[in-house]
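These notes are about the structure you will find just below.
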Amino acid sequence: MGDWSTFLFELKTYLFLFGSVTVMAVVTRGRAALKWSGDLKFSALVNVGILKFNALFGIIFLLPLLWVQNSYKAFEFPTISSQFWDALPTPLTWLILLLAYDFVLYWVHRWLHNSWLWPMHAVHHSDENLHFLSWSRAHALETAFIGSCMIIGLTWMGLSISEIALLAYVKAMHQYYVHSNIDWDHGPFKKIIASPQYHRWHHADVKAAYDKNFASIFPFYDVMFGTYYHPHSAVDVPTGFPESPKNDIVALMCYPLTQWYKMIKSRLEQVKSKP
């Protein structure tokens with residue numbers, strides 16, 4: 001019965017997201033937003049497939065999160081008392097926590113782009129038909145890694161895994177929105193709350209936009225750290241990256257492993273070639 005209830009909840013959620021995103025897309029782009037090419041439909045199926053694959057094997061990747069949480073507690077690092085948070089108005093508390101969450105995620109995201117971790121994150125960037133379901137295109141290894149980083153980065157604030165998960169859920173709903181092909185930039189608030197235009201530039205296969213717009217919710221972090229890029233509407237800019245696995249779901253799931261193998265092989269060959 002529980003599984004059926006979960007299925008109905010997920011179905012209602014995605015129907016709501018699809019309906020909302022479609023209405024907003026039509027408002028900003030007209031009838032063109034209703035035209036789904038064959039490639040776009042196939043991309044959507046691949047993204048749903050990856051989402052279900054991760055859900056099916058998710059328990060395997062939840063275990064590292066529990067290990068990280070237990071290890072963190074074992075060291076008995078000092079944390080902010082719950083009494084501190086109780087003394088603040090609830091909306092202010094959650095705003096502070098969301099700001100902290102996005103600050104940590106900004107640096108984790110930037111690390112994923114500028115290190116050997118890129119092959120994990122590259123799976124998410126492989127979609128050449130960016131749309132709201134593109135948010136679901138994420139490798140399970142990356143999900144486990146980001147979750148571990150968020151636990152390490154936020155547990156000191158006195159947050160439990162369930163509270164971190166709630167922040168992640170809020171962020172996820174917003175991410176479905178910013179991944180959609182909606183031609184909005186939020187006007188005077190575009191540097192405060194991430195918009196679909198802003199995030200599409202992050203996915204753009206345009207050299208000037210590479211390694212830009214790392215914030216998930218608050219673009220002013222990019223402004224502060226010199227990674228903000230939003231020259232104009234991005235609705236027609238290409239997305240993806242060179243040599244992407246595109247919509248090959250098997251290649252996508254194997255991509256981090258194959259790329260790391262190539263990196264290690266190349267490094268070993270360099271070492272052997274030195275006199």
Got a list of side-chain donor-acceptor pairs under 3.5 Å for residues 212-220, not counting sequence neighbours?
from, atom 1, to, atom 2, distance (Å)
Asn213, OD1, Tyr229, N, 2.8
Asn213, ND2, Tyr198, O, 2.8
Asn213, ND2, Tyr229, O, 2.8

Salt bridge (charged side-chain N to carboxylate O under 4.0 Å, His left out) partners of Arg137, counting only residues at least two apart
Asp127
Name all residues meeting the side-chain contact (heavy atoms from CB on, under 4.5 Å) criterion together with Phe42; count only those two or more places apart in sequence or in a different chain, and write none if there are none.
Val46, Asn247
Look at the rings of Trp201 and His232 and say which category their plane angle falls in: under 30° parallel, 30 to 60° tilted, over 60° perpendicular.
perpendicular
Restricting to ring-ring contact (aromatic ring centres under 6.0 Å, His included), what partner residues turn up for His139, sequence neighbours left out?
none
My understanding is that only residues two or more places apart in sequence, or in another chain, count here; which of them pass ring-ring contact (aromatic ring centres under 6.0 Å, His included) with Tyr221?
Phe103
Carefully, step by step, assess Trp94 and Leu167 under the rule side chain to side chain contact (heavy atoms under 4.5 Å, CB included).
CA-CA 9 Å; Trp94 283 100; Leu167 290 170; 3.6 Å; yes
Side-chain donor or acceptor of [X] paired with backbone N/O of [Y] under 3.5 Å:
X	Y	value
Asn54	Ala138	yes
Ser148	Ala144	yes
Ser134	His131	yes
Ser43	Asp39	no
Asn114	Arg110	yes
Ser266	Met263	no
Ser244	Ser126	yes

Hydrophobic cluster identity match, [X] and [Y], side-chain contacts under 4.5 Å:
X	Y	answer
Leu154	Phe145	yes
Leu166	Leu92	yes
Trp116	Tyr261	no
Val235	Leu40	no
Val237	Leu130	no

Would you indicate whether the side-chain heavy atoms of Met120 and Trp260 approach each other to under 4.5 Å?
yes
I would like to know whether Trp111 and His113 meet side chain to side chain contact (heavy atoms under 4.5 Å, CB included); could you show each step before the answer?
CA-CA 5 Å; Trp111 188 16; His113 273 257; over 6 Å; no
Sort out for me which residue in His174, His124, Arg200, His202 forms a side-chain hydrogen bond (donor to acceptor under 3.5 Å, both in side chains) with His179.
His124
Would you please say whether a donor-acceptor pair under 3.5 Å links the side chains of Ser136 and Asn47?
no
Walk me through it: do Tyr177 and Ile182 pass the test side chain to side chain contact (heavy atoms under 4.5 Å, CB included)?
CA-CA 8 Å; Tyr177 163 64; Ile182 298 172; 4.1 Å; yes
How about Trp135 and His199: are their ring centres within less than 6.0 Å of each other?
no
Share the residues that join Leu268 in a hydrophobic cluster, the rule being Ile, Leu, Val, Met, Phe, Trp or Tyr side chains under 4.5 Å apart at the heavy-atom level.
Ile264
Report yes or no: is the cationic atom of Lys171 (NZ for Lys, CZ for Arg) under 6.0 Å from the centre of the six-membered ring of Tyr101, at an angle within 45° of the ring normal?
no
Is there a side chain to side chain contact (heavy atoms under 4.5 Å, CB included) between Tyr210 and Asp205? Walk through the geometry before answering.
CA-CA 7 Å; Tyr210 288 172; Asp205 188 11; 2.6 Å; yes
